Amino acid sequence: FSAPAPRAYFHDSFEYYGAAWTPSFLADFKAARGYDLRDQLPAFSGIGDPDTVTRVRCDYRETLDELHHAYLQRWHDGAKKHGSITRNQAHGSPGNLLDHYAVSEIPETEIFRHVDENQIPMLRFPVSAAHANGTPLVSCETFTWLGEHFQVTPEKLKEAADFVFLGGVNHLFFHGIPYSPADVKWPGWLFYASTHMGPNGGLWRDLPAFTGYLQRCQSILQDGHPSSDVLLYYPFHDILHDSDSEKLPLFGMHTLDSWLWPTTFYKTTMNLWNHGITFDYASDRMLAKATVRDGKVILGDNAFSALVLPGVRRMQPESLKRILELRAKGATIIVQDGWPQDVPGFNKQAERREALLAQEKTAPAVISCEGGIIPSLEKTGIHQEKMTGLGLQFVRRTHAEGYHYFIVNRGKEVFDGAIPFGTPFQSALVLDPWSSKTGVVSPGFALRLEPGESILIRTFTDRKIEGKPWLAAPENPQAISIGGPWKIEFIDGGPVLPKAAEVTTLGSWTTLADPDVKNFSGTASYTTTFDFSGEDKSPARLDLGQVAETARVWLNEKPLGISWTKPHVIDAGEFLKSGKNTLRIEVTNLAANRIADLDRRKVSWKAFHEINFVNLDYKPFDASTWPALDSGLLGPVRLLVPAQE
């Protein structure tokens with residue numbers, strides 16, 4: 001008997017922190033760097049001329065980079081030999097992240113604790129690796145420690161998913177849904193560092209709405225090819241030289257402030273991001289595979305309009321030679337803050353520096369700029385997507401007849417108007433990834449996006465497509481209040497089901513008279529009736545107001561769908577009728593209130609092994625002092641119908 005090979009072998013983030021030596025290291029170092037490290041042990045230990053210290057340590061770091069890269073390559077080749085592919089989280093390693101991500105068919109990143117624009121440059125490392133290889137998938141360990149245990153809301157999950165999509169990821173992995181035996185008491189087995197999306201975390205019941213959203217987004221983001229205009233050279237040797245670490249810097253997600261954020265490379269990346277210019281990174285290994293066609297640098301599935309050297313200070317002569325070869329074949333090269341004036345490493349530095357400077361003296365004409373890169377890029381005719389100035393961020397990919405756009409309102413204000421696309425088109429298809437509604441539009445169409453809302457647009461450069469027109473939400477609709485009374489029945493959850501209640505004003509169910517409601521986590525059903533004076537199937541939407549946290553909705557016993565995140569607005573016209581209507585809404589809250597009750601009663605429930613169970617700050621977890629989180633249908637609930645003319 002032999003089991004089938006797994007689809008992919010997975011290498012988690014580099015966390016073997018003591019891996020700073022290997023028995024054959026001295027021989028490997030001499031073969032790679034051209035001298036014996038034992039001859040420079042004082043410099044390696046930090047003694048002597050500071051420049052020599054830096055150069056010797058750079059050589060040590062680069063040798064470990066190469067050894068780790070070779071180790072990953074052997075791992076990958078072994079998996080491939082047995083019919084599998086690999087997923088690799090390169091971050092945290094002491095090497096060139098671009099090259100280490102690029103070893104695998106599926107390079108994988110992660111986000112930790114929060115969503116921050118400063119993380120975008122880090123997300124682009126695995127994305128660039130996949131693009132350089134021409135492989136379709138970039139994965140992400142998503143939702144790790146987004147908030148305290150049992151308190152992560154659906155809004156936070158959607159924000160995180162959209163953020164990694166915007167960074168170029170198109171293949172999400174949940175962190176997490178661990179296995180838990182059926183006979184283990186609630187809340188079951190949990191992982192200490194995850195957002196609890198499993199059956200006992202409060203998000204599971206209505207999770208299909210979210211996974212449907214992710215599926216629709218990923219179906220587009222995995223289609224076609226990347227559309228990046230700028231190829232940004234990654235100055236790895238500058239980073240090796242500049243590290244403050246005594247011996248071995250680890251280029252991790254949690255140390256960006258020490259090795260990435262201070263660099264011109266990072267600042268240039270953020271400048272491109274904020275100005276709506278698409279980009280990828282390239283290492284020396286990647287540029288060795290690049291070609292030029294029609295004046296563009298071809299790497300993987302992408303044609304780049306310009307190669308940018310972002311304030312590079314050290315470069316090997318061989319790397320500069322390759323870049324100048326691309327320029328000689330017609331590529332546009334932009335040199336920011338001057339050519340590099342030095343070489344990395346210790347051995348034969350004067351000889352190599354002379355070769356570098358000699359090439360620069362005879363280099364063909366390039367675009368030189370000091371400081372900001374945007375004016376120089378504008379001269380090349382690069383598509384600047386000006387929607388970023390309106391609070392929108394995007395991913396742009398090509399398809400056979402035009403472009404795909406994934407757009408998110410990352411601002412704090414409602415966007416209502418025409419999106420200024422950077423690529424022309426004759427027609428477009430709007431796809432709402434939340435509701436799955438679609439519709440055809442013409443150039444200049446208006447779109448309304450609430451803060452946090454997202455949309456998919458498929459443009460057609462030279463063709464006017466036919467189809468059902470996109471129906472935007474009516475402006476300034478008439479709001480009809482649905483005020484109750486509401487009958488509340490607790491239908492699933494624990495530790496016990498509270499008594500049924502009736503309210504005339506919506507609010508958190510934790511304020512009801514029954515004391516069991518404060519500790520309850522689960523689902524409650526809200527039912528009411530209302531009169532509607534319009535015609536049957538009048539176009540209308542149902543605005544649920546504030547929901548804590550997810551809702552399933554029925555109108556006249558017909559399902560309208562699941563509302564999983566803000567804005568909690570759902571189409572209702574198909575089942576709306578003149579006269580009396582019955583509305584039923586099942587709302588599920590998070591698990592936090594029930595967990596807090598367990599800790600207040602000192603119930604032993606943390607049956608875990610890996611560092612047991614800690615809070616967000618890696619201290620012993622204790623929810624006994626938590627106040628009750630708002631739960632249920634908070635409203636106000638309104639029917640939105642087109643305004644009377």
Side-chain angles (χ1 to χ4, degrees), residues 90-91 96-102 107 109-111 115-132 138 140 163-169 226-240 242 251-284 286-287 297 299-300 302 304-313 315 323 332-337 340 367 369-378 380 382-385 387-389 393-396 410 422:
H91 46 274
N96 189 320
L97 298 186
L98 270 180
D99 294 334
H100 293 188
Y101 279 123
T109 185
E110 65 176 280
I111 55 172
V115 169
D116 190 331
E117 301 290 317
N118 288 336
Q119 295 174 318
I120 286 293
M122 189 64 179
L123 292 181
R124 296 303 297 183
F125 279 94
V127 172
S128 299
H131 291 177
V138 184
C140 181
F163 182 74
V164 297
F165 285 157
L166 290 171
V169 170
S227 175
S228 298
D229 286 321
V230 172
L231 188 59
L232 204 61
Y233 178 80
Y234 177 49
F236 179 56
H237 289 106
D238 282 349
I239 292 174
L240 289 183
D242 292 345
F251 303 120
M253 305 291 295
H254 315 308
T255 56
L256 300 180
D257 58 337
S258 65
W259 69 270
L260 183 60
W261 292 350
T263 65
T264 300
F265 170 80
Y266 167 81
K267 294 167 186 173
T268 299
T269 298
M270 288 304 297
N271 205 4
L272 298 176
W273 166 260
N274 291 326
H275 282 83
I277 295 175
T278 55
F279 59 90
D280 281 327
Y281 307 150
S283 67
D284 292 325
M286 292 173 178
L287 287 181
V297 179
L299 188 59
N302 215 110
F304 297 91
S305 297
L307 170 63
V308 174
L309 274 59
V312 182
R313 290 176 286 115
M315 182 180 286
I323 290 170
T332 297
I333 309 295
I334 300 177
V335 178
Q336 185 180 9
D337 298 334
I367 299 174
C369 67
E370 300 295 325
I373 194 74
I374 303 304
S376 297
L377 291 173
E378 290 175 345
T380 68
I382 282 175
H383 303 300
Q384 182 177 350
E385 298 287 355
M387 68 178 78
T388 56
Q393 281 293 355
F394 69 97
V395 174
R396 189 184 69 216
R410 291 277 293 160

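Remember, predicted model here, so these are calculated numbers, not experimental data.
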### Task
Could you point out which residue of Phe265, Tyr281, Trp273, Trp261 forms a side chain to side chain contact (heavy atoms under 4.5 Å, CB included) with Pro121?
Tyr281
Would a 4.5 Å heavy-atom cut-off, applied to side chains only, mark [X] and [Y] as touching?
X: Ile373; Y: His275; answer: no
X: Asn118; Y: Tyr266; answer: yes
X: Met286; Y: Leu231; answer: no
X: Ile374; Y: Ile277; answer: yes
X: Leu232; Y: Thr268; answer: yes
X: Val164; Y: Thr109; answer: no

Give, for atom [atom1] of [X] and atom [atom2] of [Y], the distance between the pair rounded to the nearest 0.5 Å.
X: Leu377; Y: Cys369; atom1: CG; atom2: SG; answer: 7.5 Å
X: Thr269; Y: Asn274; atom1: OG1; atom2: CG; answer: 11.0 Å
X: Leu256; Y: Asp116; atom1: CG; atom2: CG; answer: 9.5 Å
X: Ser376; Y: Ile334; atom1: OG; atom2: CD1; answer: 5.5 Å
X: Asn96; Y: Tyr101; atom1: CG; atom2: OH; answer: 11.5 Å
X: Met253; Y: Ile111; atom1: CE; atom2: CD1; answer: 8.0 Å

Minimum heavy-atom separation for [X] and [Y], please, with both atom names.
X: Val230; Y: Val308; result: CG1-CG2, 3.7 Å
X: Ala282; Y: Leu287; result: CB-CD2, 3.9 Å
X: Val169; Y: Val127; result: N-CG2, 4.1 Å
X: Gly167; Y: Leu123; result: CA-CD1, 4.0 Å
X: Ile382; Y: Ala306; result: CD1-CB, 4.4 Å
X: Val138; Y: Ala130; result: CG2-CB, 3.5 Å

### Task
Show the numbers, then the answer: is there a side chain to side chain contact (heavy atoms under 4.5 Å, CB included) between Thr388 and Phe394?
CA-CA 8 Å; Thr388 56; Phe394 69 97; 3.8 Å; yes
### Query
For Phe165, what residues pass the ring-ring contact (aromatic ring centres under 6.0 Å, His included) criterion, not counting sequence neighbours?
Phe406
### Query
Partners of Phe251 by ring-ring contact (aromatic ring centres under 6.0 Å, His included), sequence neighbours excluded?
Trp259
### Query
In this structure, which one of Asp242, Thr264, Asp337 forms a side-chain hydrogen bond (donor to acceptor under 3.5 Å, both in side chains) with Arg313?
Asp242
### Message
Using the rule given for side chain to side chain contact (heavy atoms under 4.5 Å, CB included), can you reason through Asp229 versus Arg396, listing the C-alpha separation, both sets of side-chain angles and the distance that settles it, and then say yes or no?
### Response
CA-CA 11 Å; Asp229 286 321; Arg396 189 184 69 216; 3.1 Å; yes
### Task
Take Phe125 and His91 through the side chain to side chain contact (heavy atoms under 4.5 Å, CB included) test and state the conclusion after the steps.
CA-CA 9 Å; Phe125 279 94; His91 46 274; over 6 Å; no
### Donor on one side chain, acceptor on other, Tyr233 and Asp284, under 3.5 Å
yes
### Message
Apply side chain to side chain contact (heavy atoms under 4.5 Å, CB included) to residues Phe163 and Arg410 and explain how you reach the verdict.
### Response
CA-CA 9 Å; Phe163 182 74; Arg410 291 277 293 160; 3.8 Å; yes
### Query
Does Arg124 have any side-chain hydrogen bond (donor to acceptor under 3.5 Å, both in side chains) partners at least two apart in sequence or in another chain, and if so, which?
Asp280
